[in-house]
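Predicted, not measured: the structure shown is a model, and the values here were computed from it. Sequence lines set the chain letters: A, B, ... in the order given, protein chains first and strands last, and positions in each chain run from 1.
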Amino acid sequence: MTIVYEALAKIGFMFALIMGMVVVLIWMERKGAAYIQDRTGPNRAAILGVRLAGLVHPVADVFKLLFKEDVTPTNRHRALYNLAPWLVMTVALSTYAVIPFGDFLTVAGRRIPLVVADLDVGMLYILAVASLGTYGVVLAGWAANNKFTFLGGLRATAQMISYEINMGLALLGLMLVFGSLRVTDITAGQGALLWGFIPMWGVVVQPLGFLLFITTVYAETNRNPFDLPEGESEIVAGYHLEYSSMKFALFFMAEYAHMVIGAALISTLYFGGYQVPWLPRPALESHAGLLLTGTLIFTLVMSLLIAFAFLRRASRERGKFQDARDREPGLGAGLWLIIGLAAAAGLTRQPWAVGSAGAEVFASLAQVGVFLFKLVFFAWLFIWVRWTLPRFRYDQLMNLGWKVMLPLGVANLLVTALVMAVV
Amino acid sequence: MSTGELKKGGWADQDHVPGIKSELLELNMGPQHPATHGVLRLLLKTDGEIVYQVTPVLGYLHRCAEKIAEGVNYKQWVVYTDRFDYLAPMCCNHAYVTAVEKLMEVEVPRRAEHLRVVTAELSRIASHLIALATFGLDMGAWTPLLYCFREREEILNLLERISGGRMLYNYMVPGGVRYDVPNDGWVESVLEFITMLENKKIKDYNDLLTYNKIFIERTADVGVIDEATAKAYGCTGPVLRGSGVKFDCRRDDSYSIYDKFDFEIPVGMGEQGTVGDCWDRYIVRVREIEQSCRIIRQALESLPDGSVQAIDLIKPVKVPVGAAYSRTESAKGELGHYIISDGGQTAFRNKVRSPSFCNLQVVEKVGVGQMVSDLVALVGSLDIVLGEIDR
């Protein structure tokens, strides 16, 4: 039974992580777009007058979409029309099963690997589930019985199928280098050092493969510059044109869930996943006391500085709005002071002399934290690219996929194989 | 794809598999569509994504402005010209008052002429900024839109300071302009703005959009309007100049005081593809912004003193019997006003030749045989304003 509870706990954690990240990413996208475009971005929605820098907006969005009328086209294919958004969402969530978010955690003497399902053929699983994602989009486009959605669905099919081949080719090189189809093996392999000083990350041993892979991931998530299936200015909203209310919300969330997964795949396969560079798991555990003390001191100093900045703002802007918004800087200062106090409390408990059990927990948490950091960075990269580049045209996309990336992928595979055979 | 092949309906209109009828897809782009720049409706016949036939359907914004001209007097109709090309209303004002003044044979004060040129060129810059912005948006680039609107906002602020209106100004009247320069350093603000635009902002647009590889791929060699087609369809403005024809009413049929200024007429040269492609029309607008800045600087540096109104605005405008046609270069192209007067308070007939209307017609020819995305690029590069097409 324990193993069932473990699995359930891990699934719950993953689900919470993705859903939390979706909310954070929606916020990041809107705020990030705003800063890239030289404007302020969302800052109106508030809870009791506290705006949390726009973080209330995703919550407000959810409520808005929940209570909106669900307008459906009359001549839809009822079953498929209702199925499509769930299919998209389910597929988006299930890719995550094979991605490790940490090495292992020892709880009550049991060594729990921090991955939902450690499949032998994890890489194949990723490719297979990614292909399934096409179905939801195509069905949505077809079942809504609208010409624009239909065109969007067609574009999505062609795009996703073409780019899956390239994704497979890019991953083949990686599989050759690490000699395994198991995602945990590949991540563990990236903890090693190349020539003794460069972390053997996927991007170091497979630079071209990385470029191909990141391009295909962008294409698979239907994000700019590959957002043809929903090309706003051409086919209005593409495949999800006829969806509203919660069904639209599912497509919307699936897009961000795909972004989370794309970012997780990029960081897991090419940037060492949970591996802290130059600090493999044994080193993390043996230096846990030092690292923990350093982290706590850093947190303490930073939170005090931020709290101080908030306090200065509070005194500078006293009575600026004459309403609840005036409480915001004080609240921010309080929040950071609490974090600082927690760090200080941690420091009084002699973190430099942490025991071996504590060291293990610390090492696991550090790995999860590093993984999350990489994930957020690559998610930000998605946003950055979207607000910078224009969109490809359909035939240009196909040319890029079949005439440029496919030969490059094959060449990359051949060169990798040759090098592997010689070395 | 040859035109003959397309006329037959091409591949899709024949039955290739016995028993399965294949036909062209009829697609209704608009009147509510993000890329038709207003209430334009494009009736497409496509084979998948390839366009076989495109028919623009107009009239969704028709407001009988020309008929109204027969009912309101000459000064009152200026406000209706604001609403033609609402992105460059000063240019429309200018075109109309030029026609009325031709009929009245009135001498416009020098200071008023300078102010007209400055405001009209500011309006032109604002209009071109929107053209760049929405063209980028049609290509899927969002950020240039916000950048261009940021600069347009500055222009609206400047024009608000001189005319009181942010979008519809009603600034020019027969015989001059309504208001003189405000006493708050307006001239310095304009000079400061155009210096900033010339030195910094245009470089930003070029870095972000103009020379972006994907943008060039999407626009070069797309929607090519050759010189003969452009002339045959009566295209004017940046569309005609994009096709390599060096024609500009400000220079070739000079009105107002444009002959006093030193400026160049940029034309499309096929730098990234063929002469007359979407990229050429785009770059012509970018370069025209620079030239407009030059004109504004010259006009403001030589701004004479004196009155800004030749006739008493409180009395009704007296227009003798006769007819007059004025052609001016608005932001979109050649804007003409043909006025017939019977000596009364109102015009007997007022016909407007709007550039967007003529420019749009070329879609029917050039849009054929392209992909839907290219059609969006073509319409975007024509920079049409529906208020001017339907009037």
Side-chain angles (χ1 to χ4, degrees), chain A residues 29-30 32-41 141-142 145-159 215 218-219 222-238 241 383-400 403-404, chain B residues 24-30 32-37 44-51 133-151 153 201 204 207-222 278 370-377 379-380:
Chain A
E29 174 117 278
R30 295 180 68 181
Y35 285 123
I36 287 173
Q37 294 170 348
D38 197 6
R39 55 192 173 86
T40 316
W142 182 80
N145 203 0
N146 175 311
K147 287 166 185 171
F148 286 111
T149 62
F150 182 62
L151 283 177
L154 282 182
R155 283 177 173 197
T157 335
Q159 174 176 332
T215 317
Y218 278 65
N222 291 335
R223 299 266 304 179
N224 229 357
F226 301 105
D227 62 342
L228 290 99
E230 48 190 306
E232 159 120 14
S233 56
E234 292 146 27
I235 48 175
V236 193
L241 173 62
I383 293 166
W384 194 355
V385 167
R386 173 171 178 189
W387 300 105
T388 310
L389 292 179
R391 181 189 305 124
F392 278 108
R393 198 173 62 206
Y394 183 64
D395 57 329
Q396 289 164 353
L397 182 89
M398 290 294 131
N399 280 345
L400 181 71
K403 292 187 185 163
V404 180
Chain B
L24 291 175
L25 177 75
E26 272 197 28
L27 200 58
N28 222 338
M29 258 176 88
Q32 310 294 341
H33 189 281
T36 51
H37 295 226
L44 310 184
K45 276 196 174 163
T46 66
D47 173 9
E49 296 250 342
I50 312 262
V51 177
T134 52
F135 189 43
L137 187 62
D138 287 346
M139 301 294 106
W142 269 91
T143 301
L145 176 94
L146 275 298
Y147 285 8
C148 289
F149 266 80
R150 182 185 63 193
E151 269 73 77
E153 196 65 22
K201 301 300 177 185
D204 279 359
D207 289 347
L208 192 59
L209 191 62
T210 313
Y211 296 104
N212 181 303
K213 181 85 173 78
I214 301 177
F215 181 72
I216 290 174
E217 289 273 321
R218 282 294 308 274
T219 52
D221 289 324
V222 167
C278 291
Q370 301 194 328
M371 304 191 80
V372 176
S373 332
D374 290 342
L375 190 73
V376 170
V379 174

When the 4.5 angstrom heavy-atom criterion is applied to Q32(B) and chain A, the contacting part is neither
With chain B, the option among D395(A), L151(A), L389(A) that has the most non-hydrogen atom pairs under 4.5 Å is L389(A)
So, the part of M139(B) with a heavy atom under 4.5 Å from chain A: the answer is both
If one checks every heavy atom of L375(B) against chain A at 4.5 Å, the contacting part turns out to be neither
Given side chains that start at C-beta, do those of R391(A) and S373(B) come closer than 4.5 Å, heavy atoms only?
no
Salt bridge (Lys or Arg N to Asp or Glu O under 4.0 Å) filter on R39(A), not counting sequence neighbours, yields none
Across all chains, not counting sequence neighbours, the ring pair (Phe, Tyr, Trp, His ring centres under 6.0 Å) partners of H33(B) are F148(A)
Mind checking whether R218(B) and Q396(A) have side chains closer than 4.5 Å, heavy atoms only? yes
To the nearest 0.5 Å, atom CZ of R155(A) lies from atom CZ of F226(A) at 14.0 Å
The interface call for F215(B) against chain A, heavy-atom contacts under 4.5 Å, is both
Whatever's closer than 4.5 Å to a heavy atom in chain A on D138(B) counts as both
Honestly, the part of R150(B) sitting under 4.5 Å from a heavy atom of chain A is side chain
Counting heavy-atom pairs under 4.5 Å with chain A, the top scorer among L208(B), L27(B), V372(B) is L27(B)
Taking NZ, NE, NH1 and NH2 as the nitrogens, is one of them in E29(A) or R386(A) under 4.0 Å from a carboxylate oxygen of the other?
-> yes
